[in-house]
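In what follows, chains are A, B, ... by sequence order, proteins preceding strands, each numbered from 1.
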There are 2 protein chains.
Amino acid sequence: MDVALRAELAAQGVAPDCIETIGLVRDILARVGDKWTVLIVTELASGPMRYTALHEKISGISQRMLSHTLRALHRDGLVTRTAYAEVPPRVEYELTALGRSLAQAVDHLVLWVRTHQSAIAGNRDAFDGDD
Amino acid sequence: MDVALRAELAAQGVAPDCIETIGLVRDILARVGDKWTVLIVTELASGPMRYTALHEKISGISQRMLSHTLRALHRDGLVTRTAYAEVPPRVEYELTALGRSLAQAVDHLVLWVRTHQSAIAGNRDAFDGDD
DNA sequence: CAGCATCCTCTTAGATACTG
DNA sequence: CAGTATCTAAGAGGATGCTG
């Protein structure tokens with residue numbers, strides 16, 4: 001699919017690095033807009049946290065999704081992962097500078113949603129009502 | 001799941017309308033962060049467009065996803081849908097004021113991604129390299 | 001404690017074919 | 001032209017059990 005998209009964009013005469021950008025933007029946007037990502041980033045915005053603390057604070061997330069999302073975030077350099085060689089083991093996650101700037105950007109969008117949520121909810125009701 | 005989340009948040013002592021907000025924010029964020037939504041909204045930012053025009057401009061989208069996403073956008077009051085009683089039929093989609101404000105907010109996030117994409121790409125390479 | 005591996009289910013979205 | 005209907009494949013994500 002990525003390849004097909006690439007080919008199609010190329011056929012349309014889109015510049016190569018624009019294609020690169022579109023793919024990456026899509027990809028990063030998918031991560032950023034992700035349900036769990038938003039919640040984790042928001043949670044970490046207030047300071048470093050341990051795995052279990054996150055698991056308890058973000059109700060409903062499974063261990064699987066928590067570690068997968070944290071790993072993805074770590075991979076993108078949005079959080080740091082610090083494992084202390086203790087017994088019992090302790091691992092702390094913390095936003096990087098990049099992660100904090102993301103938190104701000106996300107906050108901006110969340111603010112938009114909060115500002116317009118009632119309007120949207122109203123539109124949905126109206127739409128579902130008649131139509 | 002929504003119900004379980006609700007119950008858990010309540011158990012944690014989260015205020016009822018905060019719970020409502022969290023659910024809605026998640027929901028709207030999922031729509032807003034959606035791959036096709038972003039592309040459609042971005043495309044419509046430059047003016048009203050017909051179904052086929054969108055389909056051609058947004059390469060890779062299927063008819064199914066285009067109509068589904070447009071319908072969702074319409075439901076949320078982010079775009080208007082105007083069908084002209086002609087032969088052959090003509091339908092135009094256009095951002096509403098709300099849709100335009102969303103376009104701006106999305107643009108902000110897209111800008112963040114564009115600004116930091118190389119850093120993220122570098123982080124990924126580094127992560128995949130060693131680890 | 002902090003997770004990974006496995007299994008299994010449910011949703012998502014593409015392809016294809018058909019309609020007002 | 002502007003969709004809808006149906007089928008199917010791929011992936012997301014939950015539950016469970018096990019490990020450094």
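For B:Leu66 and D:dT4, the CG to P distance is 10 Å, given to the nearest whole Å. We find that CD of A:Gln63 is positioned 9 Å from P of C:dG3, with the value rounded to whole Å. Between the NE2 atom of B:His55 and the P atom of D:dG3 there is a distance of 12 Å, rounded to whole Å. Remark: C1' of D:dG14 and CH2 of A:Trp36 are 10 Å apart, rounded to the nearest angstrom. The nearest whole Å value for the distance from the CG atom in B:Leu54 to the P atom in D:dC1 is 14 Å. One atom, CD1 of B:Ile58, and another, P of D:dA2, lie 14 Å apart when rounded to the nearest Å.
The side chain of A:Pro89 sits closest to C:dC1 out of C:dG14, C:dC1, D:dC1. Among C:dG14, D:dG14, D:dG3, the nucleotide with an atom closest to any side-chain atom of B:Tyr51 is D:dG3. Of the candidate nucleotides C:dG14, D:dA2, C:dT6, D:dA2 has the atom nearest to the side chain of B:Thr52.
Within the 4.0 angstrom heavy-atom criterion, base atoms lie near B:Ser67.
A distance-only check finds no donor-acceptor pair linking the side chain of A:Tyr84 to the backbone of A:Glu92 [under 3.5 Å]. Side-chain atoms of A:Asp76 do not come within 3.5 Å of backbone N or O of A:Leu78 as any donor-acceptor pair. In this structure, the side chain of A:Thr96 does not engage the main chain of A:Thr80 through any donor-acceptor pair within 3.5 Å.
Regarding contacts with the backbone of D:dA2, a side-chain N or O of B:Arg50 is found under 4.0 angstrom from either OP1 or OP2. Not one side-chain nitrogen or oxygen of A:Ser62 sits closer than 4.0 Å to the OP1 or OP2 atom of D:dG13. Dashed line: the shortest gap from a side-chain N or O of A:Tyr93 to OP1 or OP2 of C:dG3 is under 4.0 Å.
With contacts defined as side-chain heavy-atom distances shorter than 4.5 Å, the pair A:Thr37/A:Leu73 qualifies. Under the 4.5 Å side-chain criterion, counting only non-hydrogen atoms from C-beta, A:His108 is not in contact with B:Trp112.
Near-neighbour residues of DNA chain D inside residues 75-87 of chain A, defined by a heavy atom below 4.0 Å, are absent.
Between A:Tyr93 and A:Tyr51, the ring-plane angle classifies as tilted under the 30° and 60° cut-offs.
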Quiz item: Stepwise, does the side-chain contact (heavy atoms from CB on, under 4.5 Å) test hold for A:Leu44 with A:Glu94?
Solution: CA-CA 6 Å; A:Leu44 286 177; A:Glu94 184 171 13; 6.0 Å; no
